[in-house]
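Letters A, B, ... mirror the listed sequences (proteins, then strands); counts begin at 1.
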Amino acid sequence: MSADTPESEAVADRPARYDARAIERKWQDVWAAERTWEAPNPGRPGFDPDAAKAYVLVMLPYPSGEPHVGHLKVYSVGDAIAHYRRRTGHEVLQPMGYDSFGLPAENHAIQTGEHPRVSTERSIASFRKQFLDWGISIDWSRELATHSPDYYRWTQWIFLRLFEAGLAYRAEAAVHWCPQDQTVLANEQVIDGRCERCGTEVVPKKLEQWYFRITDYADRLLADFDRLESWPEHVVTMQRNWIGRSEGAEAVFRCAELGMDFPVFTTRPDTLYGATFFVLAPEHPDLDRLIDGTANAGEVRDYVAAALRRPAGERGDAEREKTGVRLERPVTNPVNGEEIPVFVADYVLMEYGTGAIMAVPAHDQRDYEFAQTFDLPIRPVVEPADGSDPPDDAAFVTQSEDVRIVNSGDLDGLTPAAAMLRIIEELQADGRGRLAVNYRLRDWLLSRQRYWGCPIPIVHCPNCGPVPVPDEQLPVELPDVDDYRPKGQSPLATATDWVETTCPRCSGPARRETDTMDTFVDSSWYFLRYLDPGNEELPFDRAIADHWMPVDQYIGGVEHAILHLMYARFFTKALADEGLLGVQEPFANLFTQGMITREGAKMSKSKGNVVDPADYVARYGADTARTYVCFMGPPDRGGDWVDEGVDGVHRFLSRLWRLADELPAAGGKEPSAFDAEWQRRTEGAPRALLAKAHWAIDKATRDFERDFQFNTVIAAVMELVNDAYRLRAELEGDDGRRAFRFATATAASLIFPFAPHLGSEAWEMVAGGHLWEEPWPLADQELLATDVITLVVQVNGKLRDRVEVPVGAAEADVLAAVHASPRVQELLDGREPVKSIVVPDRLVNLVVR
RNA sequence: GCCGGAGUGGCGGAAUGGCAGACGCGAUCGAUUCAAAAUCGAUUGUCCGAAAGGACGUGUGGGUUCGAAUCCCACCUCCGGUACCA
């Protein structure tokens, strides 16, 4: 039905129909024209210093192809929160941007020759168009894309501040190399020994690479979980485990012959007397010196070479039989002076602890297996205190009160905990060890040998070493290249004119760094750039950032629980340490939404079960699609997309629209329908409908506040609409019409966060004006309360009857009413209850015999 | 193995110590229609019963309680994370 259809024809020929497309276009035009969702910064026109701020942020999308149903869900959830916060009096900032550097665009370029910028920007245009079609209330004036030089200039600038602070450094180490993508990967990007992106088994490779010193922040990353308001417990746990702090001791084993010290980390210093051998990782840097000049040096080197070639997945397999080679030089146990043999074995990892372990086969499963294979002595040093036989299990390492130390000199008889303290004291006194804390977390490897990323702003000078590019020369722009294929080094290396430059320090000939940054660097600070996107002097102004930060509500997929969320926390702390920012934690509240499946399976092109949100938006309108994804179930859990469910939601929205359509649109909007005094005087069916409306307001508000229970918020509005239909026939006269109007307006108001177009339209039809300017409704306690309560009557805990009693009736009166019931009398059959439980205004339970 | 989360009708789910199954889907019946679609209304956990009503019922077994889907103990299953981490 177009706007210029003559009224008579529309009324005569066609029944009124909910025309979602027309309604959605109408309101989207209004919001675009009046820039409704723009949030002014402090000091700008329209800024209200008295309004509470709410920074509502959904993780920015990686723009590839078209948005999928996961995007629909996450932005629908975020927008519902944004709308709710606005109408509860907050100045809401909801921005949007694109995480637009990355491998898929580059792989596409390798296949087609199309520049990644071209395909990426095409995809950004699709995303933007769909977000507009969905009517997400975004402040578009702050839009950004991480591949734009205006953005990555500041990524480079921040890199240089971290470099100056000693938090970015270059080091040679064994790294994870993906042979398929021809690039190194961070620890966090290796899943089960395979590349996170392409699934290829990663291989170890020794390379000089750039790192961020995130390990310096390990303790603060752990401690500051206390500063968060509300994060899902499992996300905190995952990060805790990833950081993997363990307390123990460092003990130094000495090779007397060479005068070399080998420190080890152990969480069980109390078992030091049980160490019967010593093991080094194949990558251990001192291995060469240790085997130099010994008879089996060749055999050791062969073993090491084989171990280093082994894919990480295979080496990490705990089921594999232990392998290793015995070296010819022993080391000395610092507590008892005992000489024990040294092995090299690939079950010891260079990246954890010191790359060397003391092996206690009696109390460690892996050491036990190794000792079995190589027929080495096993010496128990912890036994049950009652003298019973220890369990057969080699992993008998309990630290409980009912075990005692044995075979350990003067430690014998102590509990493990006491022995631990004593031994650390002794080690420290001798200078042979100390209390130590160890982390699983590694420094963040950020170099990538790929094209489509942010260039690292460093120049390598033969005289001065790595020299930072001066701030005023930023951005170091990504040059165009002819061939995107990776060849073991970044495709940037082929851009000769770009690579060859002069040293900013000595002006001699120098070469640019050709690696690019991990794209997680780009997304580690984007939430700050939104705050001040036009700033040409700094990445962001501190005063503006201090106003908006922290993000009040962050929303995204749980798949980012470790990587992105930990990196962003690290960046925030590092920037705060540089005095650039006043907060220690970027995201006060985190909400992780569950994944949508179809027919119980993850959507994928190969399975042919992909839901394209654009299809549903075209067919039913965005409001239906958005409301459906919020209605499927609690949004933090997953859900299965069912087309019939979409129909159901569309039916509900149509019913709501028709309610509005039935009310005379023209003439006074009858503000009296909202008059509390009038509402309280109403009786009968109008009163029942008004009460239902206030019940829905109350229910919706509570469920919004409690964990964003959107499915039950929507269900409450459905109930209200259903009641309006049911009671419609009884709603006669002024009171009836007003109650009907109030119920419809309330339903529109409550559904607005999920279906903002329909909500606005229905509101305009029955109340007039712009719904988003209306405060969130408040339930009238007087209309929530009823004077008579239907009380549940149980006999011996089983439901037997119901009686009506006045609200707040005294216990004696309630019991009298219960005993007066014929059914109760029949069931009691003359017996006196031994006990009567009365829960005021709820139930009575009579216990007999 | 370890750490999280979850098991409720035909299906998605609701109820977090007090009426199990809100709301939606599906199904059945009715109204409307020349007919269909759409729409409106009613019914819909299982079993027994003509009905009134009764029995059973939230993964399994036990416990606490007047009362348990909800709390406790043990176990089973599924999902997610993580793992030669010393």
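Contact between the side-chain N/O atoms of A/Arg440 and the OP1/OP2 oxygens of B/A83 is found at a separation under 4.0 Å. The phosphate of B/G18 (OP1 or OP2) has no side-chain N or O of A/Arg802 nearer than 4.0 angstrom. In this structure, A/Arg800 reaches the B/G54 phosphate: one of its side-chain N or O atoms is under 4.0 Å from OP1 or OP2. Of the side-chain N and O atoms in A/Arg637, one or more sit less than 4.0 angstrom from OP1 or OP2 of B/A14. Contact check, A/Asn711 against B/A22: no side-chain N or O comes under 4.0 Å of OP1 or OP2. Applying the 4.0 Å criterion to OP1 and OP2 of B/G24, one finds that A/Arg655 has every side-chain N and O outside that range. Between A/Arg728 and B/C40 there is no side-chain polar atom (N or O) within less than 4.0 angstrom of OP1 or OP2. Between A/Arg651 and B/C25 there is a side-chain N or O to OP1 or OP2 distance below 4.0 Å.
In this structure, A/Lys322 is positioned above the aromatic face of A/Tyr347, its NZ or CZ under 6.0 Å from the six-membered ring centre and within 45° of the axis. A cation-pi arrangement, defined by a distance under 6.0 Å to the six-membered ring centre and an angle within 45 degrees of its axis, is present between A/Arg655 and A/Tyr725.
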Side chains of residues 840-847 of chain A: which donor-acceptor partners sit under 3.5 Å, not counting sequence neighbours?
from	atom 1	to	atom 2	distance (Å)
A/Asp841	OD1	A/Gly808	N	3.0
A/Asn845	OD1	A/Gly797	N	3.0

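An anti base is found at B/G12: its glycosidic angle is more than 90° from 0.
Rounding to the nearest 0.5 angstrom, the gap separating the OG1 atom in A/Thr266 from the CD1 atom in A/Ile357 is 9.0 Å.
Base pairing of B/G7: its partner is B/C76, meeting the Watson-Crick or G-U wobble criterion (both donor-acceptor distances under 3.5 Å).
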